[in-house]
S.K.: 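Handing you this structure, nothing more for now.
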Number of protein chains: 2
Amino acid sequence: MNLSPLTQAFVLHFGEMGSRWGINRTVGQIYALLYIAAEPLCADDIVEKLGVSRSNVSMGLRELQAWNLVLLKHLPSDRRDFFTTPDDVWQILRTLAEERKKREVDPTLSVLREILMQKPADEGERHAQARMAEMHGLIEQLTTWYDDVKKLETDRLAMLLGLGARVTKILEVKDRIVSIGRQRAPTEKGRAP
Amino acid sequence: MNLSPLTQAFVLHFGEMGSRWGINRTVGQIYALLYIAAEPLCADDIVEKLGVSRSNVSMGLRELQAWNLVLLKHLPSDRRDFFTTPDDVWQILRTLAEERKKREVDPTLSVLREILMQKPADEGERHAQARMAEMHGLIEQLTTWYDDVKKLETDRLAMLLGLGARVTKILEVKDRIVSIGRQRAPTEKGRAP
DNA sequence: CTGAATTTTCAGTAATTTCTGAAATAGACG
DNA sequence: CGTCTATTTCAGAAATTACTGAAAATTCAG
């Protein structure tokens, strides 16, 4: 591995973390390298810096492209492919969330839904289905929230994060306002949209 | 594998998902089995239902205990260990979040901090550090938010989720309220805590 | 077209991870 | 203490996953 110590520490860490996720060490290292590189890199740059085979780099880049985590660039009068990561870390986070949802959450929801369609054969299956329904409900609540907040522009999202639990304080204020509103229309039962 | 088709589909899916995370197939299957079981199971129950070796189950249970995902129960006048998962799916989610943070996020933050302490040797390292600082900032924002909302009771948290992006609408209301307040004290510069 | 540069594919090998069976350990109970 | 039951440990086998080198495919300038 042909990297400065500072860079190497980062790249090695992402290699480790990569194996802890579904992606392998080399893929993690390639990503880390592209993330911190000042300029787009071509495959041979990566081969040289990481000391792995050309074919391994090719496969790793392909996987990163499948994850939408890298951008392909072309320099004028150079046939080689150059790669970068998006500049905006929030955008990277969004992509990561979206891809993990697609790979992990959606298939799980679909399996749960399928099983919940079936009729339980006995008390054990009845209980199992009830548990699965609980899990399904939780995941659906989370993904509904996610689908909702992912539409926010980044600065709004950051603001929301910054508020954290203090949002509930504001909600209390809102509840007071709403309840004052209710005093004028005490028969109303539903909530405001 | 000695399970009803309905149960088996669930268990097999969690086995697959397990390998997609850091945990292995058997561990995923054991967890799934305990999650849907109506009663606590002992190791030999699991051996029988999953058709894997006793030692494999022992190791799998140990890993699940390390993740705080299973509870150990003892029945009166029975020396065997029985295992369950917590009933409350929100509690399970919290545990999962906490453990993954501990294993994935905290080490990353610590590596980033360590690298950011060093002095960059050249322009490349300067740029690399700037990128790492961006990543560090993002992760810190996310974990600050997480540390904040994890303290909420479950019903509050569920309410927040239910609101989703609509929270920003309420924030706009709040902003108006605050700005009305400002008209009385126009020199104030900071924000309310 | 040709051919040089670049990238991809893939069969085989290496490395890693998972799983097992046998043996060791732990502890309850007479 | 010895025995019986339950659990853990661990060395090696089995399975899976990652990696490589060689060959094939693709791309594009001339």
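Since this is a predicted model, take the numbers as computed values, not measurements. The sequence lines fix the lettering, A, B, ..., with proteins before strands; numbering per chain opens at 1.
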S.K.: Do A:Ser53 and D:dG21 share a donor-acceptor pair, side chain to base, under 3.5 Å?
M.R.: no
S.K.: Given atom CD of A:Glu63 and atom P of C:dT8, what is their separation to the nearest angstrom?
M.R.: 14 Å
S.K.: With DNA chain D as reference, determine whether A:Arg25 or B:Asp44 sits nearer its 5' end, using the nearest nucleotide of each.
M.R.: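 Looking at DNA chain D, the more 5' nearest nucleotide goes with B:Asp44.
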S.K.: Ion pair present between B:Glu125 and B:Lys119, side-chain N to carboxylate O less than 4.0 angstrom?
M.R.: no
S.K.: Measure from CG on A:Asn56 to P on C:dT9 and round the result to the nearest Å.
M.R.: 14 Å
S.K.: Report which part of the nucleic acid A:Arg62 touches: base, sugar-phosphate, or nothing (heavy-atom distance under 4.0 Å, all strands).
M.R.: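 Sugar-phosphate: the residue A:Arg62, judged by heavy atoms under 4.0 Å, touches backbone atoms but no base.
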S.K.: Grab the CZ-P distance between B:Arg80 and D:dT5 for me, whole Å please.
M.R.: 12 Å
S.K.: Would you please confirm or rule out a distance under 4.0 Å between OP1 or OP2 of C:dT7 and any side-chain N or O of A:Ser55?
M.R.: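 For C:dT7, OP1/OP2 do not have a side-chain N/O of A:Ser55 under 4.0 Å.
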S.K.: Give the C-alpha distance, both sets of side-chain angles, the deciding distance and a yes or no for salt bridge (Lys or Arg N to Asp or Glu O under 4.0 Å) between B:Glu153 and B:Arg156.
M.R.: CA-CA 6 Å; B:Glu153 314 99 271; B:Arg156 286 253 143 149; 5.1 Å; no
S.K.: A:Thr26 near the nucleic acid: base, sugar-phosphate alone, or nothing, with a heavy-atom cut-off under 4.0 Å?
M.R.: sugar-phosphate
S.K.: A side-chain contact here means heavy atoms from C-beta on lying under 4.5 Å apart; do B:His127 and A:Ile36 qualify?
M.R.: no
S.K.: Could you please name the option among C:dT20, D:dG21, D:dA18 that lies closest to any side-chain atom of A:Asn24?
M.R.: D:dA18
S.K.: For atom CD of A:Glu99, decide whether the heavy atoms of other residues, nucleotides or ligands shown that lie under 6.0 angstrom number more than 12.
M.R.: yes
S.K.: Of the nucleotides C:dT9, C:dG21, D:dT20, which one has an atom closest to the side chain of A:Val52?
M.R.: D:dT20
S.K.: Write down the distance between CE (B:Met59) and P (D:dT9), rounded to a whole number of angstrom.
M.R.: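 Rounded to the whole Å, the gap is 8 Å.
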S.K.: Can you check the B:Ile30 CD1 to D:dT7 P distance for me, whole Å?
M.R.: 13 Å
S.K.: Closest nucleotide of DNA chain C for A:Ser58 versus for B:Val27: which of these residues is on the 5' side?
M.R.: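 The 5'-side residue here is A:Ser58.
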S.K.: In whole Å, I'd like the distance from the CD1 atom of A:Ile23 to the C1' atom of D:dT17.
M.R.: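 Whole-Å distance recorded here is 14 Å.
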S.K.: Figure out the CG/P separation between A:Leu61 and C:dT9, and round it to whole Å.
M.R.: 13 Å
S.K.: At less than 4.0 Å, is any side-chain N or O atom of B:Arg54 found next to OP1 or OP2 of C:dT20? Yes or no.
M.R.: no
S.K.: Measure from CZ on B:Arg79 to P on D:dC4 and round the result to the nearest Å.
M.R.: 12 Å
S.K.: Salt-bridge test for B:Arg126 and B:Glu123: reply yes if a basic N is under 4.0 Å from a carboxylate O, no otherwise.
M.R.: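 Answer for the salt bridge query: yes.
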